[in-house]
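Order of the sequence lines sets the chain letters (A, B, ...), proteins ahead of strands, with each chain counted from 1.
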Amino acid sequence: MEYNHRSIEQKWQQFWAENQTFKTAESTDKPKYYVLDMFPYPSGAGLHVGHPLGYIASDIFSRYKRLKGFNVLHPMGYDSFGLPAEQYAIQTGQHPAITTAANINRYREQLDNIGFSYDWSREVRTSNPDYYKWTQWIFMQLFNSWYNKDVDKAESIDTLIDKFNNSGSQGIHAESDEDTSVFSAADWKVFSEEEQQRELLKYRLAYLRESTVNWCAALGTVLANDEVINGVSERGGYPVEQKKMMQWSMRITAYADRLLSGLDSVDWPEPLVEMQRNWIGKSVGASVKFPLPQVNSEIEVFTTRVDTLFGVSFVVLAPEHELVEALSTDEQRSAVTAYIEKTAKKSELDRMADTKTVSGVFTGSYAKHPITGEEVQIWIADYVLAGYGTGAVMAVPSGDQRDYVFAKHFNLPIIPISDSQNIEEQADPNKEGRYINSDFINGMTYQEAVPALVAKLEALKLGKAKVNFRMRDAIFGRQRYWGEPVPVYFKNGIPYLIEEKELPLLLPEVDKYLPTETGEPPLGRAEGWKYQDQYEYELSTMPGWAGSSWYWFRYMDSQNQDIFVSKQAVDYWKAVDLYIGGSEHATGHLLYSRFWNKVLKDLGFHQEEEPFKKLINQGMIQGRSNFVYRVLDNEGKGTNQFVSLGLKDQYNTVPLHVDVNIVYNDVLDTERFKTFRPDFADAEFILENGKYICGTEVEKMSKSKFNVVNPDDIIETYGADTLRLYEMFLGPLEQAKPWNTNGIEGVYKFLRKVWRLFHDAQGNFNVSDEEPTKAEYKALHKIIKKVEDDIERFSFNTSVSAFMICVNELTELKCNKRQILQDLIIVLEPYAPHIAEELWALLGNEVGTISYAIYPTFNPEYLIESQFAYPVSINGKMKMNLPLALDLDAKAVEEIVISNADVQRYLDGKAVKKLIFVKGKIINIVI
RNA sequence: GCCUAGGUGGUGGAACUGGUAGACACGCAGGACUUAAAAUCCUGUUCCCGUUAAGGGAGUGCGGGUUCGAUUCCCGCCCUAGGUACCA
């Protein structure tokens with residue numbers, strides 16, 4: 001029988017499912033290993049050939065680890081709350097749960113076709129009440145916690161209440177809102193319930209506060225910062241505006257330092273680590289206050305260069321700064337108002353795009369320099385951003401290029417502050433010289449000046465050392481339907497948690513998935529949706545990232561009804577050892593997950609500071625579009641003639657996308673093309689060499705470009721094993737690459753060769769029990785070593801090539817030895833599990849047990865080179881085949897006499913200076 | 001602008017700590033088997049010179065450098081992709 005991928009693959013997929021071959025349990029006699037894929041959002045379009053890339057890699061790794069004797073946890077699930085299902089519901093009225101279930105079924109079918117070794121008994125779906133019960137429960141833990149800076153971790157809110165009861169707000173070092181009150185224990189005790197709750201809310205890790213949010217009117221919801229790309233929504237590309245709203249937020253900024261330092265302990269790709277570092281955006285500097293006696297206030301600025309304080313010649317406020325109104329003098333008021341109106345009209349995008357134009361306006365007021373007391377002008381300008389730092393900067397034109405340009409433009413003073421500065425053409429921020437024009441730090445170096453200044457400012461209570469972060473707290477509510485309800489109700493406008501035994505708080509039914517007439521979120525439509533029939537529930541739902549911020553815990557113990565993960569399970573599985581997914585989650589999911597992981601650790605639910613030890617980003621698979629060229633007539637209208645790529649320049653043509661599935665190796669199947677669209681039925685072709693060659697272009701994979709390739713189609717034609725091997729063969733895992741089916745035949749041929757090697761001409765399984773020869777062992781042990789090395793360093797593409805070489809060698813040797821095959825298929829199993837299982841069974845092993853086999857041990861003895869002639873170069877130049885049976889001693893090279901006549905001619909009487917050995921062989925003689 | 005990754009045949013790519021550059025595969029050309037096709041197998045395939053061959057020369061984005069020897073290390077530049085930005 002020929003290699004029949006259809007029957008083999010169907011048989012084993014069914015066997016694995018029926019026997020639960022990959023079901024995992026905690027085991028004490030094997031080390032554990034946790035391999036996780038980023039779970040997919042099940043979209044209506046199903047999987048295309050790009051999606052499984054990372055899943056195949058993780059499956060290969062999981063299967064390999066099993067063969068290496070590890071107890072492997074390799075689960076899969078669905079991130080099933082999200083916008084597309086809801087948008088579809090708005091259009092069609094179909095409940096998102098129905099759409100989602102259908103999409104999941106489709107995904108599952110497609111995943112099963114590829115032959116993954118997932119333990120499906122642990123599947124999670126974030127939209128299942130059994131699952132989101134615990135998402136809500138974790139929210140409650142966050143609501144019930146505060147961050148104690150004294151011990152640098154989150155604690156139960158009860159410990160804070162105790163402190164308030166004992167000593168009031170004194171001596172509390174917490175991450176909190178800015179506007180916390182100062183009170184004594186006695187004050188606290190007489191606070192009303194409402195006052196107490198309002199105060200506590202300022203400390204909770206999940207809190208409700210009036211915040212400036214990214215409001216997307218088109219989507220009818222707020223968005224987190226990572227969901228806004230270049231001023232438009234990540235999903236849909238709709239405009240986003242800044243708006244003040246009461247919103248749930250997560251105090252992720254409390255963890256900024258730990259999120260940053262934790263990056264040093266994980267094995268992640270450098271670009272990803274860098275992205276998170278930039279996102280967190282730590283800058284070390286000082287905050288400095290410029291007194292405003294005229295309004296009995298002060299302007300606080302943040303600076304990373306407090307040493308340049310005496311170079312300040314003016315102060316700049318963002319147009320949105322709260323003091324702008326009070327500081328505008330009557331003469332300047334109209335100019336200021338006009339400027340604010342002008343900047344307000346500019347969209348976020350315009351403001352970012354236009355960094356060249358210098359603009360700003362004088363407020364008419366002056367602030368006092370904190371040390372010299374001199375008056376400095378206060379300006380407003382849109383180069384200062386309201387959202388970063390304090391929304392105000394001290395301008396040092398000699399040291400900062402933006403300030404320099406601004407000062408030049410408006411003719412403001414530029415004060416040199418260092419004897420090493422050159423400020424003829426531009427600002428000079430160097431820290432090398434000694435200070436001048438700088439009061440008491442004159443003559444000091446940078447290292448001396450900074451602490452001196454900070455001490456002085458602290459003494460004056462006009463400044464202090466400060467660390468500033470770019471990262472903001474994460475907005476946690478969405479004004480949408482298809483998400484987790486927030487387990488909160490309101491009494492007198494104060495949020496309270498519902499009781500734990502009420503969980504899960506089920507998502508209620510609504511008549512429409514749109515906001516209410518009064519502009520409330522869709523949950524406002526739910527009838528009778530009140531806590532204990534009297535208190536209003538929170539109407540917004542949780543954001544998309546809620547369910548994905550803890551799901552790796554649930555896989556450890558997915559059926560547990562009492563807790564999100566049992567102590568026993570989490571003590572065994574600990575953290576994810578290998579996580580594979582796309583880099584697009586760098587500042588979203590991967591940051592939020594680390595945050596929740598740390599909170600849950602602080603609260604004592606597990607021990608791991610970081611959830612994902614090693615992370616690999618698989619590169620995106622792009623589409624590769626094919627084009628046909630339609631010939632245009634004299635009036636420029638399309639005719640029925642299509643000209644092949646190589647001849648198109650002789651005609652006036654227009655390119656048209658053509659379905660890549662009717663193109664093979666860029667040659668168009670002209671018959672199928674005629675049925676591609678009705679108006680192509682009588683198409684005529686101008687061929688080159690009897691073929692129609694299509695043009696190509698790399699684009700995003702999308703239906704409208706007819707370049708979507710469905711894995712099911714590939715599997716139908718070539719089989720899952722071929723798909724798995726080919727996706728790996730395509731190139732390095734981490735590299736982005738276009739999908740191109742052109743080379744797939746080579747991989748398919750390889751599998752057929754393996755099959756034929758162990759079958760006779762009649763197609764009967766045929767192995768020999770003879771002892772393998774040395775050459776056969778060599779071929780085998782080369783592949784054992786190579787695949788092991790490759791998998792350990794995630795270089796899957798080179799393994800596939802090595803397999804091909806191995807089988808070519810064995811075919812050459814006509815080797816069908818049982819002992820060779822037995823080990824060969826174990827090595828092959830991670831990549832092509834179906835054919836491996838089949839051959840394993842044919843060899844007479846217990847059916848379906850190859851996954852539990854032991855990876856063969858590499859024996860280096862088989863790889864020792866025999867002493868034949870090989871090329872040697874002299875001074876790295878000429879090469880010759882040296883029949884080297886010479887007994888050479890590298891220590892005494894000068895004594896060496898090389899008798900070979902050819903070599904002597906080249907040596908020309910010169911002494912040998914050095915012999916270069918590589919892997920025990922001489923490869924170069926230096927004379 | 002800054003950060004990160006990368007630039008190798010007609011194509012995808014290989015070369016792991018500096019050691020025969022182009023493995024493996026696709027494509028292409030020629031051939032075997034076949035009435036024919038499919039399938040399979042064999043040979044060739046970086047470029048230039050050389051009638052075939054033997055042989056020689058050039059060659060890993062560009063220009064230098066270190067080394068007996070550089071795709072690999074160093075310096076300067078060009079280009080591509082991803083991220084990020086008046087971040088004070």
Side-chain angles (χ1 to χ4, degrees), chain A residues 2 229-230 269-279 281-283 285 301-305 308 316 318 351-358 381-385 387-396 399-403 405-406 429 468-470 583-584 586-587 617 619-620 622 624 665-667 689 696 726 729-732 734-747 749-750 752-753 756 786 789-790 792-793 795 797-806 808 811 870-877 879 881 913-919 921-927:
Chain A
E2 264 290 296
I229 313 280
N230 292 329
E270 198 48 39
L272 199 80
V273 169
E274 221 28 55
M275 264 189 252
Q276 289 213 347
R277 282 205 187 105
N278 291 337
W279 186 262
K282 179 177 184 169
S283 30
V301 302
F302 174 77
T303 178
T304 52
R305 291 294 303 275
T308 64
V316 191
R351 208 164 143 177
M352 284 194 294
D354 180 20
T355 59
K356 294 267 149 48
T357 321
V358 181
D382 64 1
Y383 82 88
V384 177
L385 305 175
Y388 181 76
T390 58
V393 301
M394 60 179 220
V396 184
D400 182 288
Q401 187 57 26
R402 291 158 304 174
D403 299 342
V405 171
F406 196 82
N468 201 48
F469 291 97
R470 198 188 81 110
S583 60
E584 66 273 20
T587 52
N617 288 131
M620 218 209 350
Q622 299 139 305
R624 185 175 183 275
N665 286 324
D666 297 332
V667 176
N689 305 326
T696 64
Y726 187 60
F729 182 70
L730 219 45
E734 306 200 53
Q735 187 179 302
K737 54 214 166 244
W739 174 264
N740 180 348
T741 317
N742 288 358
I744 200 166
E745 287 283 348
V747 171
K749 251 185 238 175
F750 155 73
R752 280 185 301 193
K753 277 186 195 170
R756 271 207 316 272
K786 175 72 175 158
D789 290 351
D790 283 350
E792 297 281 355
R793 65 190 173 102
S795 174
N797 56 327
T798 49
S799 287
V800 182
S801 295
F803 278 125
M804 291 177 180
I805 296 170
C806 177
N808 286 345
T811 305
Y870 56 88
V872 171
S873 55
I874 293 174
N875 277 357
K877 283 270 158 59
K879 286 166 203 132
N881 280 346
K913 276 194 202 140
K914 205 173 165 190
L915 295 171
I916 313 293
F917 289 82
V918 172
K919 291 170 194 160
K921 293 202 303 188
I922 296 173
I923 60 131
N924 191 20
I925 299 171
V926 183
I927 54 173

Checking understanding here: a glycosidic angle within 90° of 0 is syn, the rest anti, so what is B:rG9? syn
Look at the side-chain N and O atoms of A:N468 and state whether any lies under 4.0 Å from the OP1 or OP2 oxygen of B:rA88. no
For atom C1', what is the distance between B:rG10 and B:rU84, given to the nearest Å? 37 Å
Between C1' on B:rG10 and CG on A:N742, what's the gap in Å once rounded to a whole number? 12 Å
Measure across A:K786 and A:A802 and return the closest heavy-atom pair with its distance rounded to 0.1 Å. CG-CB, 3.5 Å
Nucleotide paired to B:rA25 in any strand shown, Watson-Crick or G-U, under 3.5 Å: B:rU11
Of the nucleotides B:rC3, B:rA25, B:rA23, which has the atom closest to the A:S801 side chain? B:rA23
Could you check whether A:D790 and A:S799, counting side-chain N and O atoms only, form a donor-acceptor pair closer than 3.5 Å? yes
Pair partner, B:rC87 [Watson-Crick or wobble, under 3.5 Å]: none
Determine the Euclidean distance between corresponding C1' atoms of B:rA23 and B:rU8; express it in Å to zero decimal places. 13 Å
B:rG13 C1' sits how many Å from A:D790 CG, rounded? 14 Å
Now, which nucleotide makes the Watson-Crick or G-U wobble pair with B:rU60, with each of the two distances under 3.5 Å? none
On the nucleotide B:rC87, are OP1 or OP2 found under 4.0 Å from the side-chain N or O atoms that A:R402 carries? yes
Regarding the side chain of A:M804, the nearest nucleotide among B:rC86, B:rU4, B:rC24 is B:rC24
Between protein and nucleotides 38-41 of chain B, what N or O pairs are separated by less than 3.5 Å?
unit_1 : atom_1 : unit_2 : atom_2 : d
B:rU40 : OP1    : A:R752 : NH2    : 2.7
B:rU40 : O3'    : A:R756 : NH2    : 3.4

Watson-Crick or G-U wobble mate for B:rC68, both contacts under 3.5 Å: B:rG19
The residue, A:K786 or A:G731, whose nearest nucleotide of RNA chain B is more 5′ is A:G731
What contact category does A:F803 fall into here, base, sugar-phosphate, or nothing, at under 4.0 angstrom with non-hydrogen atoms? nothing
Any side-chain donor-acceptor pair under 3.5 Å between A:S801 and A:T798? no
Just call it for A:D400: base, sugar-phosphate, or nothing, with non-hydrogen atoms closer than 4.0 Å on any strand. nothing
Taking any heavy-atom pair under 4.0 Å as a contact, classify A:N797: base, sugar-phosphate, or nothing. sugar-phosphate
Reckon A:N808 has a side-chain N or O less than 4.0 Å from the OP1 or OP2 of B:rA25? yes
First encountered from the 5' end of RNA chain B, between A:E274 and A:W279: A:E274
Ignoring backbone atoms, test whether A:Q735 places a side-chain nitrogen or oxygen under 4.0 Å from the OP1 or OP2 oxygen of B:rG13. yes
Spacing of the P atoms in B:rA38 and B:rA21 (rounded, Å): 39 Å
Distance in angstrom units between A:M275 CE and B:rC3 P, rounded: 15 Å
Rounded to whole Å, please give me the gap between OH in A:Y383 and P in B:rA88. 13 Å
Between A:Y726 and A:W739, is the ring centre distance below 6.0 Å? yes
Between B:rC16, B:rA85, B:rC3, spot the one nearest the side chain of A:R470, thanks. B:rA85
Send over the distance from A:I805 CD1 to B:rA25 P, rounded to a whole Å. 7 Å
Measuring only the P atom in each nucleotide, how far is B:rA25 from B:rG6? A whole number of Å is fine. 27 Å
Across every strand shown, the nucleotide meeting Watson-Crick or G-U wobble geometry with B:rA5 (both distances under 3.5 Å) is B:rU80
Rounded distance in Å - CH2 (A:W739) to C1' (B:rC26): 14 Å
How far does the C1' atom of B:rG9 sit from the matching atom of B:rC48, given to the nearest Å? 14 Å
Which value, in whole Å, describes the distance between the P atoms of nucleotides B:rA81 and B:rC68? 41 Å
Quick one: A:N278 CG to B:rG82 P, roughly how many Å, whole number? 17 Å
Please give the nucleotide sitting opposite B:rA53 as a Watson-Crick or G-U wobble pair, both distances under 3.5 Å, or none. none
Testing B:rU4, B:rA88, B:rA14 for proximity to the side chain of A:V393, the answer is B:rA88
Counting N and O atoms only, with roles assigned by atom type, does the side chain of A:K753 sit under 3.5 Å from a partner on the main chain of A:M804, one being a donor and the other an acceptor? no
Taking atom P of B:rU84 as reference, at what distance in whole Å does atom CD of A:E584 sit? 12 Å
Do A:N797 side-chain atoms and A:L730 backbone N/O form a donor-acceptor pair below 3.5 Å? no
Identify the two heavy atoms, one from A:L272 and one from A:A586, that lie closest to each other, and give their separation to 0.1 Å. CD1-CB, 3.5 Å
If you measure from CD on A:Q622 to CE on A:M620, what distance do you get to the nearest 0.5 Å? 5.5 Å
Using 30° and 60° as the class boundaries, would you call the ring planes of A:F302 and A:Y388 parallel, tilted or perpendicular? perpendicular
Shortest non-hydrogen pair, A:N278 vs A:R470, comes out as O-NE, 3.3 Å
Does a side-chain N or O of A:Y388 approach OP1 or OP2 of B:rA88 to a distance below 4.0 Å, or not? yes
Please check if the side chain of A:K749 supplies one atom and the backbone of A:V747 the other of a donor-acceptor pair under 3.5 Å. no
Of the listed nucleotides B:rC24, B:rC87, B:rA15, the one nearest the side chain of A:T798: B:rA15
Assigned partner base of B:rA32, Watson-Crick or wobble definition, under 3.5 Å: B:rU40
Euclidean distance for C1', B:rG61 against B:rA54 (whole angstrom): 35 Å
What nucleic acid atoms does A:E270 come within less than 4.0 Å of, heavy atoms only: base, sugar-phosphate, or nothing? nothing
Nearest-Å distance once atom C1' is located in both B:rG69 and B:rU20: 12 Å
Side chain of A:P732, heavy atoms from C-beta onward: which of B:rC16, B:rA14, B:rG83 has the nearest atom to it? B:rA14
